[in-house]
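Take a look at this one; I'll ask things after.
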Amino acid sequence: PMSPITYRMAAVGRCSDRAGPQFTLPWTPSAAGDFALLARATDNDGFVSDDVTNLVHVRPVVAVQVSVTAPSPNATLTLNVPALVQALVSIDGNASITGMDFYANSTLVGSVSSQPFLIQWNPSAPGAYAITAVSHANVGLATTSAPVSISVVAPPPQVAIAAPAEASRLPRRADHRYRLLGGQQP
């Protein structure tokens, strides 16, 4: 029979011993950078075996928060009328934002590569939309905002009086007919 094996795993100065067929060492790196991890097993007879060193790259810890600030939640936009879409981003960590994409539902409606993070969007179809912004950081991190629900409606009909002309003098107590443009005639 084989004697029990004790595994020793070192990760950035942390060591732990445990007997058994498998061993897992939880490791939370305290800094970004490149690290070499080595696993070494020693049995009861003193025989030592090293695992091949694994190289690990730890990315810097970056927290990015993105929020859509315009349009406001539950806003009503008018069809074919340009609307401002804007996002605000905050970064906790050593990173910078290299771009921002704006989506209406899942359709990309605009992109910018620097602040201010805003676009003009011309909604071309009526309906309900979820507006989101996706920031891209120089460390390869993409963060999506919470959706902002809006609706797009057709513009109201435009009505103008074509006749009689403005400042016309009409006789009192006469039957007058008015002609409307863009609306229905009485």
For this session: For the residue pair I97 and I91, establish whether any side-chain heavy-atom pair is separated by less than 4.5 Å.
Result: yes
Nearest heavy-atom contact between P71 and I150 is CG-CG2, 3.7 Å
Residue pairs meeting side chain to side chain donor-acceptor pair (under 3.5 Å), one or both in residues 114-141, sequence neighbours left out, come to S96-N138, D101-H136
Is I119 reachable from L79 through a run of hydrophobic residues whose side-chain heavy atoms are each under 4.5 Å from the next? yes
Using only atom types and a distance under 3.5 Å, with no angle test, would you say the side chain of T143 pairs donor to acceptor with the backbone of Q65?
no
Smallest heavy-atom separation, L77 atom then A83 atom, equals CD1-CB, 3.8 Å
Nearest heavy-atom approach of A95 to A137 is CB-CB, 4.5 Å
Answer whether the closest heavy-atom distance between the side chains of F117 and V89 falls below 4.5 Å.
-> yes
Do V85 and V109 come within less than 4.5 Å of each other through their side chains, counting heavy atoms only? no
For L108, the hydrophobic cluster (side chain heavy atoms closer than 4.5 Å, chained through members) also holds Y103, V134
Output for pair (I131 CD1, Q86 CD), nearest 0.5 Å, gives 13.5 Å
For V81, the hydrophobic cluster (side chain heavy atoms closer than 4.5 Å, chained through members) also holds none
>> Could you check whether any side-chain heavy atom of T78 comes within less than 4.5 Å of a side-chain heavy atom of N80, counting everything from C-beta outward?
In response: no
Worksheet item: Where do M100 and L118 land on the side chain to side chain contact (heavy atoms under 4.5 Å, CB included) test, with the steps shown first?
Response: CA-CA 9 Å; M100 185 79 68; L118 60 92; over 6 Å; no
Residues A146 and V68: closest non-hydrogen pair is O-CG2, 4.5 Å
If you define the side chain from C-beta out and look only at heavy atoms, does anything of L141 sit under 4.5 Å from V64? yes
Q: For D92 and A63, indicate whether the former's side chain and the latter's backbone hold a donor-acceptor pair under 3.5 Å.
A: no
